[in-house]
Amino acid sequence: MFERHADNPLITPNHVIPSRPDLEVIGAFNAGVTVWGDEVVMLLRVAERPVSARGRDILCPYVATNGKLTFKHISSDDPDWDMSDPRAVIHQPTGLVLLTSISHLRLARSQDGVRFRVDTMPWLTPQPPYESFGLEDARLSHLDESTVITCSAVSPLGVGALLVTTTDFNSVQRYGIVLPPPNKDVALFPTRFGDHYVCYHRPMPGQLGTLNIWLATSPDLQHWGNHQLVLRTGQDGWSKERIGAGAPPIHTEMGWLSIYHATDAAGHYCLGAFLTPHDEPGRIVALGKSPILTPEATYETSGFVGNVVFTCGAVVQDDTLRLYYGAADEKMALAEAPLQQVLDFLMA
Ligand code: MAN
């Protein structure tokens, strides 16, 4: 159904200038995407690490309480640290987790939705204490006169959902953490239902429970309640382990189209889709039995974390669904399908 764009990957770390000379960009991925005026606008997740971490040892970046970027040096032969995951290291005796890179949000713009100009400076940088390990995976929704952005705020306290707004993509208004850790994958509907806003979100239970998509409502975007389950991890292998909302829901003739990510037992990420009625965002009326996109291209199967396709934004232009997605936690790619085909697939 989906055709990968011939120019994929559209954006790679090489396209992005580091925010400081002592850092290197190792990922430009999982971007929130929207149409703004006559341009397609992206808020990229730009992951950076110290250039000096190219050696054997690991330098874990974090924003200290004084607001300064700081690095914790971990010797590669220290047996106390588990270094098997490229994303994070774990101190076995204490359970302390540190990330191997730190992400900020960076703006990129395009006239044709394919060739993007990436800003030279960050658009939103992490602040302590709730974002000291970085800002990740932005999702953009137009609401009233503003563009509302939700993203993951990562810190030693866990992953929570930060909400910010902008009216012009120049200035940013911060509203703080709207869903506390552990919660992420907040995708906001670009409309009100009666006098409430609605989002999907993904609580992360620890010892008990599974990783499912929930819904919440809010009168003001800041206070969220009325929590309810929308979709459980599937019995199907491809969505067995975890699911989470992807792109903010898209208004179509047949209802709201949602594209979400799902992982199998091996931790491979693919994308699924479902439909909800225009007035009932919590009731799924059509659920794709198989994924709409799985990691197949080399730039999806290999990279910083191989076998990952992960979306935070899709747009409809000229009846085509343009699905932007992070590939292998490293680059941005685009896959396109006629919107009608996607709807037919779900209704079948
Ligand atoms: C988590 C998040 C995503 C990332 C995937 C795959 O879900 O950190 O940002 O893309 O893992 O590593």
Side-chain angles (χ1 to χ4, degrees), residues 30-34 36 41 43 45 63 65 67 103-105 107 122-205 211-231 244-251 256 258 260 276 278-282 312-313:
N30 295 4
V33 184
T34 195
W36 176 254
V41 166
L43 270 180
R45 169 176 170 190
V63 184
T65 43
S103 296
H104 65 260
L105 303 183
L107 204 64
W123 190 77
L124 196 65
T125 46
Q127 308 292 329
Y130 304 125
E131 308 155 18
S132 53
F133 285 174
L135 293 171
E136 306 180 349
D137 305 354
R139 284 137 172 123
L140 284 66
S141 307
H142 296 301
L143 270 165
D144 307 327
E145 304 298 290
S146 300
T147 304
V148 183
I149 297 134
T150 56
C151 64
S152 295
V154 189
S155 79
L157 300 161
V159 183
L162 175 75
L163 190 142
V164 307
T165 65
T166 184
T167 50
D168 53 10
F169 283 100
N170 288 321
S171 58
V172 187
Q173 171 85 40
R174 279 172 167 270
Y175 288 89
I177 301 295
V178 291
L179 289 168
N183 203 319
K184 65 193 323 196
D185 301 328
V186 175
L188 199 62
F189 280 77
T191 189
R192 267 189 259 212
F193 295 79
D195 45 17
H196 279 75
Y197 300 99
V198 175
C199 78
Y200 291 143
H201 65 100
R202 215 286 301 283
M204 300 164 79
L211 298 162
N212 307 308
I213 298 176
W214 288 67
L215 170 153
T217 68
S218 170
D220 58 5
L221 293 173
Q222 289 185 69
H223 303 88
W224 293 92
N226 188 25
H227 298 276
Q228 43 193 288
L229 178 72
V230 175
L231 182 62
I250 295 166
H251 190 273
W256 292 99
S258 289
Y260 65 99
T276 52
H278 287 135
D279 53 353
E280 280 181 282
C312 293

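- Pro281 places a side-chain heavy atom less than 4.5 Å from the side chain of Leu215.
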Review point. Passes side-chain contact (heavy atoms from CB on, under 4.5 Å), Leu43 versus Leu107? Steps please.
Key: CA-CA 5 Å; Leu43 270 180; Leu107 204 64; 3.7 Å; yes

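- Of all non-hydrogen atoms in Pro190 and Leu143, the two that sit nearest each other are C-CD2, 3.7 Å.
- Leu105 is not listed as a side-chain neighbour of Pro122, based on a closest heavy-atom distance of 4.5 Å or more.
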Check your understanding: So Tyr175 and Val148, side-chain contact (heavy atoms from CB on, under 4.5 Å) or not? Walk me through it.
Key -> CA-CA 10 Å; Tyr175 288 89; Val148 183; over 6 Å; no

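- Scored by the ring pair (Phe, Tyr, Trp, His ring centres under 6.0 Å) test, His227 finds His201 as partners (sequence neighbours excluded).
- Side-chain atoms of Asp185 and Tyr260, non-hydrogen and from C-beta on, never get closer than 4.5 Å to each other.
- Pro181 is linked by a side-chain contact (heavy atoms from CB on, under 4.5 Å) to nothing, counting only residues two or more places apart in sequence or in another chain.
- Nearest heavy-atom pair across Ala187 and Ala247 is CB-O, 4.2 Å.
- Counting only heavy atoms from C-beta outward, the side chains of Leu162 and Arg174 approach each other to under 4.5 Å.
- The shortest non-hydrogen separation linking Arg139 to Asp137 is NH1-O, 3.3 Å.
- The side-chain heavy atoms of Phe189 and Ser141, taken from C-beta on, include no pair separated by under 4.5 Å.
- A distance of 9.5 Å separates OG of Ser258 from CG of Leu231, quoted to the nearest 0.5 Å.
- Looking at heavy atoms from C-beta onward, Val178 lies out of side-chain contact with Val186 at the 4.5 angstrom threshold.
- Among residue pairs with one or both ends in residues 145-155, those qualifying as side chain to side chain donor-acceptor pair (under 3.5 Å) are His142-Thr147; sequence neighbours excluded.
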Review point. For Phe193 and Thr217, what are the C-alpha separation, side-chain angles and deciding distance, and is it a side-chain contact (heavy atoms from CB on, under 4.5 Å)?
Key: CA-CA 9 Å; Phe193 295 79; Thr217 68; over 6 Å; no

Review point. Going through the distances and angles, do Thr191 and Trp256 end up as a side-chain contact (heavy atoms from CB on, under 4.5 Å)?
Key: CA-CA 11 Å; Thr191 189; Trp256 292 99; 3.4 Å; yes

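- We find the SG-CD distance between Cys151 and Glu131 to be 7.0 Å, quoted to the nearest 0.5 Å.
- Of all non-hydrogen atoms in Pro156 and Ser132, the two that sit nearest each other are CD-OG, 3.3 Å.
- The aromatic rings of Phe169 and Trp36 stand perpendicular to each other, their planes meeting at an angle above 60°, with 30° marking the opposite boundary.
- No side-chain heavy atom of Asn183 sits less than 4.5 Å from a side-chain heavy atom of Trp214.
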Practice item. Walk me through it: do Asp144 and Tyr197 pass the test side chain to side chain donor-acceptor pair (under 3.5 Å)? Key: CA-CA 11 Å; Asp144 307 327; Tyr197 300 99; 2.9 Å; yes

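- Leu221 has its side chain within reach of Leu188: a pair of non-hydrogen atoms, C-beta onward, lies under 4.5 Å apart.
- Ring orientation note: the planes of His251 and His278 are close to parallel, at an angle under 30° on the 30°/60° scale.
- Expressed to the nearest 0.5 Å, how far NE2 of His104 lies from CG of Leu124 amounts to 9.5 Å.
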